[in-house]
S.K.: 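Following this message is one structure expressed as C-alpha cells.
In what follows, every chain begins at residue 1, and chains take the letters A, B, ... in the order their sequences are listed.
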Amino acid sequence: MHELPAGFRYLPEYLDRLAQEAMVDEIRAVVAAAPLFVPRMPKTGKPMSVRMTNCGTLGWVTDQDRGYRYQELHPVTGLPWPPIPPVLLRLWQEVSGYPQPPEACLVNFYEGEAKMGLHQDRDERTFEAPVVSVSLGDQCLFRIGGTAHGAPTRSFRLSSGDVVVLGGESRLSFHGVDRVYPGTSTLLRNGGRINLTLRRVTP
DNA sequence: AAGTATCC
DNA sequence: GCCA
C-alpha cells in the first residue's frame with residue numbers, strides 16, 4: 001500500500017446532483033461555442049481517445065506539428081475560448097487556496113473505451129497553483145503515482161461529483177485514467193464521462 | 001507515460 | 001480486469 005503524494009486531496013461527492021446538473025448545462029453551452037476536437041500526439045500525430053475543448057483565456061491543445069501548449073484561440077474555429085462559468089470560478093475559490101483565478105478549464109470527454117495514459121501536467125508556466133479536477137457522469141478508474149518515472153501507482157474509482165486537487169508535492173505527479181465504467185451514472189443522457197480541470201498557467 | 005501492446 |  002503506497003502513500004498518496006502530499007498535497008493530493010480527494011473530495012468525494014463534493015457536488016450534489018443539482019450542482020452536477022447545473023455544471024453539465026454550463027459545459028453544454030461551452031461546447032456549443034467551442035466544439036469538441038480530437039487532440040493529436042506531438043510528432044506521431046496519433047489521436048488521443050478523448051475529445052476535448054476549453055474555456056478560459058487560455059486553452060490546452062496539442063497537434064502533430066506544434067505539440068502540447070496553451071493558446072488563446074480554438075484550433076478549429078479560430079475563435080477565443082468562451083469564459084469559465086462563474087460556478088467553476090467559485091469552486092476554484094473554495095478548494096484551490098490560490099488567490100488568483102484559473103486561466104484555463106480543460107474539458108475532456110470520455111466515451112466508450114476512451115482513456116488517458118499516465119502523464120504530468122507540466123505545460124503551465126507556474127506550478128504554484130494546484131490543478132483542480134471535477135468528475136461528471138460515469139465512474140472511472142483513476143491512477144496516480146509519484147513525480148518520478150516508474151514510481152509505484154495507486155488506483156481508485158472516481159464518481160460523478162467528486163473533486164480532486166493536485167497541489168503541493170502532488171502537483172507534478174503522474175496520473176491518468178485507465179478506464180471508464182459505462183452505465184454507472186445517469187447524469188449524462190448518452191453516457192460517458194466529463195472531466196474538467198481548472199489550471200493557472202501564468203505566475 | 002496526454003500512446004499502445006502484452007502479460008498475469 | 002487491472003497492472004506494469
Side-chain angles (χ1 to χ4, degrees), chain A residues 1-5 8 10 27 30-31 34-56 58-71 74-76 81 102-127 129-159 164-167 169-185 191-201:
Chain A
M1 195 58 104
H2 319 113
E3 297 293 324
L4 285 167
F8 176 83
Y10 171 45
I27 297 309
V30 166
V31 170
L36 294 165
F37 59 92
V38 177
R40 289 182 175 273
M41 299 294 289
K43 296 185 270 283
T44 66
K46 279 189 183 298
M48 293 173 59
S49 55
V50 298
R51 289 187 295 155
M52 65 176 52
T53 188
N54 293 267
C55 49
L58 291 169
W60 189 88
V61 300
T62 174
D63 56 32
Q64 180 166 13
D65 293 341
R66 298 180 60 198
Y68 307 154
R69 64 195 187 276
Y70 283 93
Q71 64 180 39
H74 190 288
V76 177
W81 307 103
E103 293 163 298
C105 176
L106 176 59
V107 179
N108 281 327
F109 181 50
Y110 297 75
E111 52 187 344
E113 302 294 296
K115 53 180 104 40
M116 181 79 72
L118 226 43
H119 68 281
Q120 292 173 301
D121 290 9
R122 53 179 301 173
D123 302 313
E124 300 72 34
R125 290 205 276 137
T126 178
F127 303 131
V131 171
V132 175
S133 159
V134 182
S135 293
L136 296 168
D138 283 337
Q139 295 175 357
C140 76
L141 186 67
F142 178 78
R143 190 147 63 106
I144 182 163
T147 54
H149 235 228
T153 61
R154 288 185 56 168
S155 298
F156 54 97
R157 273 194 193 218
L158 292 181
S159 296
V164 164
V165 182
L166 292 169
E169 297 296 302
S170 74
R171 174 62 181 76
L172 289 169
S173 292
F174 282 93
H175 60 282
V177 171
D178 284 332
R179 64 158 300 179
V180 171
Y181 301 97
T184 51
S185 167
R193 171 176 187 263
I194 294 170
N195 182 250
L196 311 174
T197 49
L198 297 161
R199 302 177 180 141
R200 185 77 199 177
V201 180

S.K.: Rounded to whole angstroms, how far apart are NE2 on His149(A) and P on dA1(B)?
M.R.: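 Atom-to-atom, His149(A) to dA1(B), this comes out as 4 Å.
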
S.K.: Pick the C1' atom in dA5(B) and in dA1(B), then give their distance to the nearest Å.
M.R.: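 To the nearest whole Å, 14 Å.
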
S.K.: Would you say that Arg179(A) contacts Phe142(A) through its side chain, given a criterion of any heavy-atom pair below 4.5 Å between the two side chains?
M.R.: no

S.K.: Using a cut-off of 4.0 Å on non-hydrogen atoms, how would the nucleic acid contact of Arg143(A) be classed: base, sugar-phosphate, or nothing?
M.R.: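 Arg143(A): base contact, heavy atoms under 4.0 Å.
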
S.K.: Tell me: OH of Tyr70(A) to P of dA2(B), nearest whole Å?
M.R.: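 Between P of dA2(B) and OH of Tyr70(A): 14 Å.
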
S.K.: Which nucleotide of DNA chain C is the first, and which the last, in the 5' to 3' direction, to come under 4.0 Å of a heavy atom belonging to chain A?
M.R.: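 Nucleotide range with atoms under 4.0 Å of chain A: dG1(C) to dA4(C).
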
S.K.: Any chance you could list the contact pattern along nucleotides 3-8 of chain B? Use B for base contacts, S for sugar-phosphate-only contacts and - for none, protein heavy atoms under 4.0 Å, 5' to 3'.
M.R.: S-----

S.K.: Would you confirm whether Thr184(A), through its side chain, and Gln139(A), through its main-chain N or O, come within 3.5 Å as a donor-acceptor pair?
M.R.: yes

S.K.: Does this structure show an ion pair linking Asp65(A) with Arg40(A), if we count only N-O contacts that are shorter than 4.0 Å?
M.R.: no

S.K.: Sort out for me which residue in Thr62(A), Asp63(A), Leu58(A) forms a side-chain contact (heavy atoms from CB on, under 4.5 Å) with Arg69(A).
M.R.: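 Testing each of Thr62(A), Asp63(A), Leu58(A) against Arg69(A), the sole residue satisfying side-chain contact (heavy atoms from CB on, under 4.5 Å) is Asp63(A).
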
S.K.: Are any of the side-chain heavy atoms of Asp121(A) and His119(A) separated by less than 4.5 Å?
M.R.: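 Touching, per the 4.5 Å side-chain cut-off.
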
S.K.: Send over the distance from Asn54(A) CG to dA2(B) C1', rounded to a whole Å.
M.R.: 13 Å

S.K.: Is there a donor-acceptor pair under 3.5 Å between the side chain of Asn195(A) and the backbone N or O of Val134(A)?
M.R.: yes

S.K.: Answer with base, sugar-phosphate or nothing: what part of the nucleic acid does Gly150(A) contact at a heavy-atom distance below 4.0 Å?
M.R.: base

S.K.: Roughly, in whole Å, what's the span from CD in Glu124(A) to C1' in dA2(B)?
M.R.: 12 Å

S.K.: Specify the separation, in whole Å, of atom OH of Tyr68(A) and atom C1' of dA1(B).
M.R.: 8 Å

S.K.: Keeping the roles fixed (side chain from Gln64(A), backbone from Lys43(A)), state whether a donor-acceptor pair exists under 3.5 Å.
M.R.: yes

S.K.: Has Gln120(A) got a side-chain atom pairing as donor or acceptor with Leu172(A)'s backbone, closer than 3.5 angstrom?
M.R.: yes

S.K.: Using a 4.5 Å cut-off on heavy atoms from C-beta on, say whether the side chain of Leu166(A) contacts that of Phe8(A).
M.R.: yes

S.K.: To the nearest Å, how far apart are Gln120(A) CD and dA2(B) C1'?
M.R.: 11 Å

S.K.: With a 4.0 Å cut-off on heavy atoms, is Asp123(A) in touch with a base, just the backbone sugar-phosphate, or nothing at all?
M.R.: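 Base contact.
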
S.K.: Run the side-chain contact (heavy atoms from CB on, under 4.5 Å) check on Arg199(A) and Trp60(A) step by step: do they pass?
M.R.: CA-CA 10 Å; Arg199(A) 302 177 180 141; Trp60(A) 189 88; 4.1 Å; yes

S.K.: Given 3.5 Å as the limit, does a donor-acceptor pair link the side chain of Ser49(A) with the main chain of Lys115(A), or not?
M.R.: yes

S.K.: Give Thr153(A) one of three labels, base, sugar-phosphate or nothing, depending on what nucleic acid heavy atoms sit under 4.0 Å from its own.
M.R.: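 Result for Thr153(A) = sugar-phosphate.
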
S.K.: Check this for me, if you would: do Glu124(A) and Arg171(A) make a salt bridge, where the nitrogen-to-carboxylate-oxygen distance has to be below 4.0 angstrom?
M.R.: yes

S.K.: Which part of the nucleic acid, if any, lies within contact of Thr44(A), taking any heavy atom under 4.0 Å across all strands shown: a base, the sugar-phosphate backbone alone, or nothing?
M.R.: nothing

S.K.: When Watson-Crick pairs (N1 to N3 and N6-O4 or O6-N4) and G-U wobble pairs (N1-O2 and O6-N3) count only below 3.5 Å on both distances, what is the dot-bracket string of DNA chain B, with | for other-strand pairs?
M.R.: .......|

